Amino acid sequence: MLTLSQVNKRYPTGDRALTDIELALPRGQVMALIGPSGAGKSTLIRCVNRLVEPSSGSIRLGDTELTRLSGRELRRARRAMAMIFQEYALVDRLTVMENVLSGRLGQVGFWRSFLRRYPADAVTEAFRLLERVGLPHAIDKRADALSGGQRQRVGIARALLQDPQLLLVDEPTASLDPKTSRQIMRLIRELCAERELGAIINIHDVALARQFADRIVGLRAGEIVFDGKPEALNAEILTTIYGEEDWDTQGEVGDEAGAHTPEPATRLALASGGAS
Amino acid sequence: MPVSTTTQGTPIWRLRTTRAQWLQYLGWLTGACLFLLCWKVISDNTMWVFVEDAGRQGSDLISRMLPPEWSYAQRLWKPMWDTLNIATLGTLLGIAMAFPVAFLAARNTTPHPLVRSAALVIIVASRSINSLIWAMLLVTILGPGVLAGIIAIALRSIGFVGKLLYEAIEEIHPTPVEAISATGAGRLQVMNYGVLPQVMPAFAGISVYRWDINIRESTVLGLVGAGGIGLQLNAAINSLAWNQVSVIFVMIFATVLVSEWISARVRHAII
Amino acid sequence: MSRQALARQGMWRRQPMIQDPKLRWGLALGALVYLLLALSTIDVNWARVAEGASRGLNFLTAFAQPDFVSRRGDIIDGILESLTMTLTSTVIGVALAIPVGLGGARNIAPWPIYYLCRSIITVSRTFQEIIIAILFVVMFGFGPLAGMITLAFATIGFMAKLLAEDIEDLDWRQVEAIRATGASWWQTMNHAIQPQVMPRLIGLSMYRLDINFRESAVIGIVGAGGIGATLNTSISRYEYDTSAAILLIIIAIVLLCEYSSSHVRRWTQ
């Protein structure tokens, strides 16, 4: 359904973020994208919906060539690809309902959205989704009044209201505690199964990726260095992706939710590795 | 902070290196010379005879101001109402014009760098020129009256509100904006959902703050004929009716204190 | 029906900011009535406006060809006078604002001094520079001295208020740490308070320099020296090309001030 071929991204500073990416995602597949910080994971998924412009190559969703779209066509294409963000990216001062309904912005005119006069079916669907993610009571709360896990659920509801074919998920659990992280991953997994959605989940946490994805792609310095089943991911491959490390103690590495602080996680693994 | 070694070999600590020390002395010396030079220019242009007389003049002025002619206050309600209207309508007009200018001037919302430069020029021009100068110009164009005052206040407010607002826009979180763009929203929808909610509190605060400043400024616009209590002030000064001037001062003082209190309360409530 | 139940059926409206409908409509009506009343006070003499419209056009075209030459002497004198007034008044004003600001900070000043300093600040901030200039011109005679004293006085109110607020907000643990070493009042000031407020004080002084320059262009209207007198004359004589030249010079100097002050601020921090 989604096909990337020969995709390159080079920043104006000359840094190569992505090199010759070849990737095909069939319908309904949940793919985890792993790799060290700065490997180009975020750039890759942002190239797909063109929040970042790829420098060259072709990205096709179904029959549409995404790289050549402009203006109105691009906005139409973006409706089919919903994105879920690391820091939830909700608009803090809007209510939960307004945040969810903003998923329909691509389909309603400016004045309707300005006056918040959404069509009845959009509102019904939005409310159904909020019930599905377990937040029907919060519709009139402001987004900044919610906890991290709740906010990510609102983010998911907003993405699904777009009625997408594809989910682009950028570090969904990076700001969450381990338990909430698993709940959120499970929810995304279930929703993908229900709606037969393809998903690219860009994630730091290897253990979560193994548990919830159908397929894992490893990215290192902008190049794909691994593409296969979660079971095939062993210490040797992890070394190729992340560099030298004692991967046998990966239990600790996996449980460490602090993706922002890979430094202590590594040290922890080293310390316990030395003790064993 | 350097540590050096003396001839005896004991280390000594000083705040700055010798070179930095000398540069600092030189800076102070230049500053002092410049100040003295400026002072000389001023003193050359001053009639010191008058200045020696200042104490007597001052006490004379105060004795003429006291006691204030309180009955004169009756005739000040209408000019005060005009002053209030000049400030309020001027602020409304000013923020209405400043709002789009700020969006055009902010790096992350401007449609084109050239448009941004044009918007920045508008902001700088408006900020550099005092509302009294705008009022002088407008009085020669529109004739004396409240309208000139309102427009003068509005023109001066564009720069102030525009500058603070565009700085606020440049400081918003980019991720919600990204998220709204990713839903396939149009440009205006992204502004409405992603940008506007983030800058709204700042915008309201800035507007109220400017309103408070505008109350002060509108009290003097009458000196050049642009309506409000300044007209009365000008008339009273020209006819040397200092006991009326003191009444006007008391009125201005009270109004400004009240408006400052209101503005502080509102800003506190918003933040 | 609850809002949830309505939303389930597809009916949802944004919640109004003010929940009580009576209050909401009352406020809206009040605002409307005020607006109408205020607008009705504007009386426009359309004949006069029609007459002035051509002058407005003249003024705008004057910006395309400003005349720096024909009143060059007046302009140069005025600008120099404005600049000297600006510099001296800022230096004197800031120097005087420091004791007033210290006295106006609740956490270090005794009560009588606090009230005295606060009232100086309030009076200086309430009255526009031009009103103060009128009084000082009466006292000191026409010329830049009156203007300089005016600006210095206004600077005291502005700087002292912000300085006092800064001192009230400062990190008190550092002060206690210095006091704990047995430092005297002056030593405490020098080692604990000055380092905390100094960078902002410099930044604010630069900002005030900029404001003082802009104000110095105005107080000349009432005879307190500076470029204002020249500007006033040129406008009242409808010599808009000269006015445009002066305004452009003012804008350029303000820009220069802003540019250099952002550099100074970066350097001090």
Side-chain angles (χ1 to χ4, degrees), chain A residues 90-146 150-151 153-163, chain C residues 1-40 42 161-162 165-166 168-174 199-200 203-204 207 255 258-269:
Chain A
L90 301 184
V91 184
D92 278 345
R93 301 184 64 87
L94 296 182
T95 63
V96 166
M97 195 60 167
E98 281 170 296
N99 267 297
V100 175
L101 284 170
S102 68
R104 276 287 162 97
L105 283 176
Q107 283 146 72
V108 297
F110 172 73
W111 287 109
R112 271 198 108 132
S113 68
F114 182 76
L115 300 168
R116 311 294 197 261
R117 307 249 156 176
Y118 284 87
D121 65 302
V123 175
T124 319
E125 174 69 4
F127 189 75
R128 219 179 52 70
L129 283 167
L130 277 173
E131 278 182 321
R132 175 67 186 83
V133 300
L135 288 167
H137 51 87
I139 56 170
D140 287 326
K141 274 196 187 160
R142 254 172 52 168
D144 51 6
L146 302 180
Q150 289 175 322
R151 307 179 92 201
R153 285 161 195 276
V154 176
I156 293 170
R158 170 176 66 190
L160 291 177
L161 192 69
Q162 275 179 244
D163 198 13
Chain C
M1 248 194 299
S2 72
R3 284 175 62 85
Q4 271 101 315
L6 282 170
R8 179 173 286 129
Q9 289 161 25
M11 277 180 284
W12 174 86
R13 288 281 171 271
R14 178 168 34 181
Q15 257 185 338
M17 208 153 44
I18 301 161
Q19 298 284 345
D20 181 8
K22 264 189 212 150
L23 186 64
R24 184 164 73 238
W25 290 108
L27 279 177
L29 194 72
L32 190 73
V33 168
Y34 168 75
L35 210 59
L36 288 176
L37 279 178
L39 286 172
S40 70
I42 304 175
K161 176 166 189 276
L162 295 170
E165 280 168 4
D166 258 17
E168 283 171 2
D169 289 343
L170 58 72
D171 184 359
W172 203 242
R173 286 168 309 176
Q174 298 184 27
R200 216 169 105 82
L204 285 172
Y207 180 46
L255 262 182
E258 224 159 78
Y259 185 73
S260 54
S261 82
S262 72
H263 269 271
V264 169
R265 246 173 284 175
R266 210 171 306 150
W267 180 61
T268 54
Q269 272 163 10

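To find a chain, count down the sequence lines: A is the first, B the second, and so on, and within it residues start at 1. Values in this document were obtained by computation on a predicted structure and should not be read as measured data.
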With only heavy atoms counted, which part of A:E131 is less than 4.5 Å from chain C, the side chain, the backbone, both or neither?
side chain
Drop me the distance from C:R14's CZ to A:R117's CZ, to the nearest 0.5 angstrom.
9.5 Å
Okay, A:R116 and chain C: the region with an atom under 4.5 Å from a heavy atom over there is both
So, for C:A7 and A:V123, which heavy atoms are closest and what is the spacing to 0.1 Å?
O-CG1, 3.6 Å
Whatever's closer than 4.5 Å to a heavy atom in chain C on A:D140 counts as both
Got more than 12 heavy atoms from elsewhere within 6.0 Å of OH, C:Y207?
no
Proximity breakdown for A:L101 and chain C, heavy-atom pairs closer than 4.5 Å:
side chain
Checking C:R3, C:Q9, C:Q4 against A:F127 for side-chain contact (heavy atoms from CB on, under 4.5 Å), the one that qualifies is C:Q4
